[in-house]
Amino acid sequence: MSADAKRLSKGIPKVGLIEKIKPHVELVAAGLSGVFIAAGWITDKTGDQVASIIFYLLAFVIGGFAKAKEGIEATYENKELNVEMLMIFAAIGSAIIGYWTEGAILIFIFAVSGALETYTMNKSHKEISSLMKLQPEEALLINNGIERRIPVSELNIGDQILVKPGERIPSDGVIKNGYTNIDEAAITGESMPVSKGLDKEVFAGTVNLTGAITVQTTKTSNETLFHKIIELVQSAQSEKSPSQQFIERFEGTYVKAVLAVVLLMMFLPYFLLDWSWNESFYRAMILLVVASPCALVASIMPATLSAISNGAKRGILVKGGVHLENLGHLEAIAFDKTGTLTKGKPEVTNVIVDEKFDKSDLLWKTASIENQSNHPLAQSIVKYVKENSKRDLIQPENLEDVSGWGVKAEINGEQWKIGKADFVGRDAAHTFADGKAAELASKGNTLVYVQINGVLAAMISLKDVVREETKRAIDHLKKQGIYTIMLTGDSEKTAKAIADESHIDQFFAECLPEEKVEQLKTLKEKYATIAMVGDGINDAPALAIANVGIAMGAGTDVALETADVVLMKNDLPRIAEAVDLSKRMNRIIKQNVIFSITVIMLLISSNFFQMLDLPYGVIGHEGSTILVILNSLRLLKN
């Protein structure tokens, strides 16, 4: 692996002009090496041996300098021989026995493969550099009516900033004044602009398209969701998969073994097989070339980084190769319910009004009363009525909040009670609308009753509804042979209703956070690799215990930090895409490893039977390395 590629694989972003052009310098050096090889070959054919050797030496130095420097430094630092050192020995050995052209070609192709590997690493880091460009450096701070531009790093929580149309939002926050459309593609990948007004959340790096807005910051610059995305991609590209770790451990031992066998081949065939000294040394040099595990070493890292890059483009942020590799081996996946399978907020699903009352008028007055409450069910009813009516809500009289039961109020002399069945009369509630309550409750609905002057007038059912994409996501996972489970703190009845609607295979109800962990431990005994999907603080322990933790992008910071994979768009079908991507990556890695080992064995055996000349050994060995890297680059495409 090239020095630049190794540095990039550690997740270190490039800085400065020299760093920006360094990968191109590597490619230019390889190109110049090729030019000098051509010049050396031409002068050799014209009979000018001295000029030919000079050109070949230039090809050696220019094409091989970076590799030689990298190999020597790595050997000194790690006290371990590496592939680069094998190539240096092979090239020098070829020159010693007079095969200048072959040695120079070996250096040239090795330099090209290194430049190609660096290109792969750069492509995988494209998301970081492009994201960093989206981060504004300054913000327009408003303080006592005075506007002042300051660096984003100096913003504090609670500061108010003005964001004009066409500008990128510099920090996470909530809108305190104005209404606009915002392009959130940088965060969610969603191409359609989102309309946002008062008290709506906005994110750093997104684009304010239409109106001027005043935003109150809620996070410092290094805590924004945008900043976390950059950190996630960086950490993903620095973490190595088990396969990559094995190859790197294997490399040092393998290189020592190759050098030992090469030394034996210099002498044993001369004494045992009646080869000449020249033939023994020649075959030993070919062995040094063809037995080098360049293709094997390049089989995994470029593929892993290409897959991580592909996922990042689609809003699937994977924190490391190990997690991406595990996704392809999933046997089961557990889901939290609220905010994961469902939208996380109750919505009105049914309104039944006694025919004696006007439905529109009843809902308007109900919303006017519920508007005084912060209870999630009350706010959902208000939202439903506002969406279906243009009438302004009124202020009720003699409002009384009966904690745990509901609310009492008076409107135009009418006595209203809104709340649970027991609050308005259990018997009346159960028989209302021909006993419709039992049917709605069995489907996971929560029921709110409206009583006017002692008469039960209406029943409103609310439910944390299943996301539109949930069933599609679960069905895709089932087609991939993955068993699906739901873990929820809800009642058995509600859990069953949601599980049936979501097409989930199995569910566990009334689970506290610690019970979710215990359930996952039990499931891990049954399934070799299991994932957990969640979004809340209470899901964090379960996310940590699973083989792969998957967090929804709109989840809590704790869930995002604990998870191994983050879905930026809260889009559950992306899980199936991530599994497919992992399987593609594992398949390509397997192809690369089998191909590289097969080529090495074929070249070694051909050399032993004296059927392989050095030029073909060079082409076969280095050509296989380039093919392996090109095969890995296919993962950059969707």
Side-chain angles (χ1 to χ4, degrees), residues 1-6 8-9 23 26-27 30 63 66-67 70-71 82-87 90 105-125 237 240-252 254-255 258 287-310 321 324-325 328 581-607 612 616-637:
M1 185 184 292
S2 70
D4 196 44
K6 285 182 177 178
L8 283 167
S9 70
E26 197 173 340
L27 189 59
K67 287 292 178 185
E70 178 186 330
N82 48 54
V83 173
E84 285 77 16
M85 294 304 295
L86 277 188
M87 289 298 95
I105 290 174
L106 175 63
I107 291 292
F108 167 70
I109 301 179
F110 199 45
V112 170
S113 67
L116 186 59
E117 191 175 3
T118 300
Y119 167 78
T120 308
M121 304 303 174
N122 276 307
K123 286 286 287 182
S124 72
H125 281 256
Q237 292 170 330
K240 296 169 183 174
S241 68
S243 303
Q244 180 65 25
Q245 291 170 353
F246 170 77
I247 289 293
E248 290 186 359
R249 289 195 301 270
F250 167 78
E251 180 184 344
Y254 182 85
V255 168
V258 168
L287 179 64
L288 191 57
V289 172
V290 301
S292 176
C294 296
L296 189 60
V297 170
S299 293
I300 297 169
M301 181 61 81
T304 302
L305 293 183
S306 294
I308 289 173
S309 174
N310 188 329
L324 189 57
E325 195 170 301
L581 182 62
S582 172
K583 288 180 177 178
R584 279 181 62 205
M585 182 192 79
N586 291 336
R587 187 164 58 248
I588 282 178
I589 287 174
K590 191 178 292 184
Q591 291 170 0
N592 288 346
V593 170
I594 292 173
F595 174 72
S596 58
I597 291 175
T598 302
V599 170
I600 289 172
M601 298 304 297
L602 182 64
L603 293 175
I604 289 174
S605 57
S606 299
N607 178 50
L612 183 72
Y616 298 110
V618 169
I619 293 170
H621 175 266
E622 293 303 327
S624 66
T625 304
I626 291 175
L627 287 175
V628 159
I629 295 173
L630 289 174
N631 192 38
S632 298
L633 280 171
R634 291 195 296 129
L635 284 165
L636 288 170
K637 296 182 178 180

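In terms of heavy atoms, Leu636 sits closest to Ser309 at CD2-OG, 3.8 Å. Closest of all the heavy-atom pairs between Ile588 and Ser632 is CG2-CA, 4.1 Å. Of all heavy-atom pairs between Leu324 and Ala307, the closest is CD2-CB, 3.4 Å. Counting all heavy atoms, side chain and backbone alike, Ala295 lies closest to Ser596 at CB-CB, 3.5 Å. The two residues Ala298 and Thr625 come nearest to each other via the heavy atoms CB-CG2, 4.4 Å. Between Gly620 and Val599, the shortest heavy-atom distance links the atoms O-CG1, 3.8 Å.
Counting heavy-atom neighbours within 6.0 Å of Tyr616 OH, excluding the residue itself, gives a total of 12 or less.
A donor-acceptor pair under 3.5 Å is formed between the side chain of Arg584 and the backbone N or O of Arg634. In this structure, Ser605 contributes its side chain and Met601 its backbone to a donor-acceptor pair below 3.5 Å. Remark: the backbone N or O of Leu296 is paired with a side-chain donor or acceptor of Ser299 at under 3.5 angstrom.
Between atom OG1 of residue Thr304 and atom CG of residue Leu635 there is a gap of 8.5 Å, rounded to the nearest 0.5 Å. Atom CD1 in Ile619 sits 12.0 Å away from atom OG in Ser624 (nearest 0.5 Å). Expressed to the nearest 0.5 Å, how far CD1 of Ile589 lies from CD1 of Ile594 amounts to 12.0 Å. Rounding to the nearest 0.5 Å places CG of Asn592 at 4.5 Å from CG of Asn631.
With sequence neighbours excluded, the residues forming a side-chain contact (heavy atoms from CB on, under 4.5 Å) with Ile600 are Tyr254, Ile604, listed by chain and number.
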Report the C-alpha distance between Leu603 and Val289 in whole Å, list the side-chain angles of each, state the deciding distance to 0.1 Å, and finish with yes or no for side chain to side chain contact (heavy atoms under 4.5 Å, CB included).
CA-CA 10 Å; Leu603 293 175; Val289 172; over 6 Å; no
